[in-house]
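Worksheet for the structure shown next.
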Amino acid sequence: MPGLTSRAEGQMVWVPHPKFSDVHVSWLMEKTRGEAPFDCALVRMSPTAEVFEHIHAAESDVLYVLSGQAIMSVSGIGDIPLSRGSFLRIPPGVSHRPHSFTGDFTAFNFWPATPA
């Protein structure tokens, strides 16, 4: 069926993040492949992960934590603790940095574009 995307747990392919060390991504849908109007992935960060402060200029950064714990530093807000079941939406243009990962930190992450 056109537009249908399905992956079972055993079919997940984990690849190193192109910018952040000790971070792995399993892409579920990618807008560049025409699978959806936004990118969507599982993101796994080891306790030694290095993620620098960054901004998503044209899209929100939306995540739901599946396992582990971390801290998300958000410009203008401060540190937000994250643990299993936490949900966070960071608006476009807001600087942020996840850090202090414990356990097997894994999040469902997607980046919906903001309407013009």
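What you see is a predicted model; the values in this text were computed from it and never measured. We count residues from 1, following the sequence as given.
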| message | Test of understanding: with salt bridge (Lys or Arg N to Asp or Glu O under 4.0 Å), list the residues that count as partners of D104, not counting sequence neighbours. | response | R44

| request: List in chain and number order the residues that pass side chain to side chain donor-acceptor pair (under 3.5 Å) with N109, two or more places apart in sequence or in another chain; answer none if no residue qualifies. | output: D61

| query | With distance as the sole test, does S26 use its side chain to make a donor-acceptor pair with the main-chain N or O of M12 at under 3.5 Å? | reply |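 No, the answer is negative, given that no donor and acceptor are paired below the 3.5 Å cut-off.
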
Once you round to the nearest 0.5 Å, how far does [atom1] of [X] lie from [atom2] of [Y]?
{"X": "D39", "Y": "L28", "atom1": "CG", "atom2": "CG", "result": "10.5 Å"}
{"X": "F105", "Y": "S83", "atom1": "CZ", "atom2": "OG", "result": "9.0 Å"}
{"X": "F110", "Y": "E59", "atom1": "CZ", "atom2": "CD", "result": "11.5 Å"}
{"X": "I55", "Y": "R97", "atom1": "CD1", "atom2": "CZ", "result": "14.0 Å"}
{"X": "I80", "Y": "S86", "atom1": "CD1", "atom2": "OG", "result": "9.5 Å"}
{"X": "H17", "Y": "E50", "atom1": "NE2", "atom2": "CD", "result": "13.5 Å"}

Are any of the side-chain heavy atoms of [X] and [Y] separated by less than 4.5 Å?
{"X": "H96", "Y": "H54", "result": "yes"}
{"X": "M45", "Y": "F20", "result": "no"}
{"X": "I71", "Y": "L82", "result": "no"}
{"X": "L63", "Y": "M72", "result": "yes"}
{"X": "V23", "Y": "V51", "result": "yes"}
{"X": "F38", "Y": "M29", "result": "yes"}
{"X": "F108", "Y": "C40", "result": "yes"}

| said: Is there a side-chain hydrogen bond (donor to acceptor under 3.5 Å, both in side chains) between S60 and R89? Walk through the geometry before answering. | reply: CA-CA 7 Å; S60 295; R89 176 188 167 269; 3.1 Å; yes

| said: Run Y64 and F87 through ring pair (Phe, Tyr, Trp, His ring centres under 6.0 Å) and show every step you take. | reply: CA-CA 4 Å; Y64 180 80; F87 171 84; 7.3 Å; no

| Would T106 and V43 count as a side-chain contact (heavy atoms from CB on, under 4.5 Å) if you check the C-alpha gap in whole Å, the side-chain angles of each, and the deciding distance to 0.1 Å? | CA-CA 6 Å; T106 304; V43 180; over 6 Å; no

| task | Test I90 against V62 for side-chain contact (heavy atoms from CB on, under 4.5 Å), laying out the working first. | result | CA-CA 6 Å; I90 302 167; V62 180; over 6 Å; no

| query | Which heavy atom of A70 sits nearest a heavy atom of F101, and at what distance? | reply |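 What the structure gives for the nearest pair is CB-CD2, 3.5 Å.
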
| note | F52 and K19 have their tightest heavy-atom pair at CE2-O, 3.8 Å

